[in-house]
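This report refers to the structure that appears directly beneath it.
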Amino acid sequence: MTRAHTTSDTEIPAHTPPTALHDRLDSRLTGAARAWLDQALAEATAHPGTHGPISVWELRLAEAGRRCGPEHADAVRVLILHAARADTAALTRVYQQGTAAERRAVLHALPHLVPGPDALPLVEDALRTNDTRLLAAAVGPYAARHLDPHQWRHAVLKCLFTGVPVDAVAGLADRARADAELARMLGDYAAERTAAGRDVPEDLHRALALTQAGPPESKEQS
């Protein structure tokens, strides 16, 4: 199983909005890497969408790690996808034909490129894997907006099963608040681990505590 992923001090979270993502990358890339990225973004902007068997910007996705360093590759790929204005069909093609790293970039790009639930099949596919970096990308802002309650609860449990930090689950505090069914599922999982003589993860206690929080207090109007 792939090790659980946490963001390093040098890695820029790929779910950062594209403008801020570009600004932060610009200050961290070397001159050669920055020049390559600027060219890749210009190509994607000039020739968006899909063209023939494979578009130029799709080729650039494969080069991102080598050109800009593995710690920046996710963010670079998100920017290229955004510049190419990749629609659901293009994102699906990249996801289905790409490497695990390219699939991860597609998942990170979804909230910036797909306003509705059309790309949920990609999230659902990622949630069926045991690749922890792919799982962490799958439970980002797009999943928080569009997964139905049943799917979302099982995504939270999948994170606990595989060791993905619950901090990766976008919108956890809001969606877990007063969710009695999630509380039941978490309680059952904790009981199973205790009965088996296994430790209960601290993240499970954190998630369970969130389910017991009441609705946010409304501000009194003066």
Side-chain angles (χ1 to χ4, degrees), residues 1-8 11-22 24-25 40 44 48-50 55 57-58 60-65 68 70-148 150-172 175:
M1 182 183 296
T2 309
R3 291 181 63 188
H5 171 65
T6 55
T7 303
S8 70
E11 186 174 357
I12 302 171
H15 54 72
T16 304
T19 301
L21 196 60
H22 188 276
R24 293 173 69 177
L25 269 175
T50 54
S55 301
W57 59 264
E58 293 180 71
R60 301 295 174 254
L61 295 177
E63 300 175 19
C68 299
E71 71 273 26
H72 300 312
D74 280 6
V76 167
R77 290 186 179 106
V78 169
L79 287 178
I80 293 171
L81 289 167
H82 189 264
R85 300 193 289 281
D87 60 13
T88 302
L91 292 167
T92 299
R93 183 167 84 170
V94 172
Y95 183 91
Q96 292 177 341
Q97 298 179 1
T99 64
E102 290 161 9
R103 290 182 174 195
R104 192 166 62 242
V106 168
L107 294 168
H108 284 309
L110 291 180
H112 309 307
L113 293 170
V114 185
D118 295 351
L120 270 180
L122 305 184
V123 174
E124 293 164 354
D125 179 83
L127 290 174
R128 288 192 288 269
T129 75
N130 287 321
D131 180 333
T132 55
R133 297 194 75 186
L134 204 58
L135 287 170
V139 293
Y142 190 81
R145 292 178 200 163
H146 300 297
L147 279 180
D148 67 37
H150 176 78
Q151 290 175 309
W152 183 81
R153 293 178 188 121
H154 281 276
V156 174
L157 281 178
K158 184 68 176 276
C159 289
L160 292 169
F161 293 157
T162 56
V164 173
V166 294
D167 285 342
V169 182
L172 178 64
R175 290 202 62 166

- [ ] Check side chain to side chain donor-acceptor pair (under 3.5 Å) between Arg103 and all other residues, then give those that pass, not counting sequence neighbours.
- [x] none
Task: Residues that Glu124 engages under side chain to side chain donor-acceptor pair (under 3.5 Å), provided they are two or more places apart - done: Gln151
Task: Over all atoms of both residues, closest heavy-atom pair of Trp152 and Ala143 - done: CD1-O, 4.4 Å
Open item on the list: If I compare all heavy atoms of Ala138 with all of Val123, which pair ends up nearest, and what's the gap?
Closed with: O-CG1, 3.5 Å
- [ ] Measure the CZ-CG distance between Arg133 and Asp74 for me, rounded to the nearest 0.5 Å.
- [x] 5.5 Å
- [ ] State, with a plain yes or no, whether a side-chain heavy atom of Leu61 is found less than 4.5 Å away from one of Leu81.
- [x] yes
Open item on the list: Donor-acceptor check, side chain of Arg77 to backbone of Glu102, threshold 3.5 angstrom: yes or no?
Closed with: no
- [ ] Given side chain to side chain contact (heavy atoms under 4.5 Å, CB included), test Asp167 with Leu172 step by step and report yes or no.
- [x] CA-CA 8 Å; Asp167 285 342; Leu172 178 64; over 6 Å; no
Open item on the list: Which heavy atom of Ala100 sits nearest to which heavy atom of Leu134, and what is that distance?
Closed with: O-CD1, 4.0 Å
Open item on the list: Among residues at least two apart in sequence or on other chains, which ones pass salt bridge (Lys or Arg N to Asp or Glu O under 4.0 Å) with Asp118?
Closed with: none
Open item on the list: For a quick test of reading the model, state the closest non-hydrogen atom pair linking Ala75 to Leu25 and the distance between them.
Closed with: CB-CD1, 3.9 Å
TODO: Please round to the nearest 0.5 Å and tell me the distance separating atom CD1 of Ile80 and atom CD of Glu63.
DONE: 8.5 Å
Task: Nearest-0.5 Å distance that lies between atom CG in Leu157 and atom NE2 in His154 - done: 7.0 Å
TODO: Report the distance from atom CZ of Arg145 to atom CG of Leu120, rounding to the nearest 0.5 Å.
DONE: 11.5 Å
- [ ] Would you check if the side chain of Arg175 reaches a backbone N or O of Ala144 as a donor-acceptor pair within less than 3.5 Å?
- [x] yes
Task: Pro48 versus Ala84, closest heavy-atom pair with distance - done: CB-O, 3.2 Å
Open item on the list: Which heavy atom of Leu110 sits nearest to which heavy atom of Ala119, and what is that distance?
Closed with: CD2-CB, 3.6 Å
- [ ] Evaluate the side-chain proximity of Leu107 to Tyr95: yes if any heavy-atom separation is below 4.5 Å, no if none is.
- [x] yes
Task: NZ-CG distance between Lys158 and Leu135, expressed to the nearest 0.5 angstrom - done: 5.5 Å
- [ ] Quick one: pull up CG in Leu113 and NE2 in His82 and give me the separation to the nearest 0.5 Å.
- [x] 5.5 Å
Task: Check: Gly116 main-chain N/O paired with Tyr142 side-chain donor or acceptor under 3.5 Å - done: yes
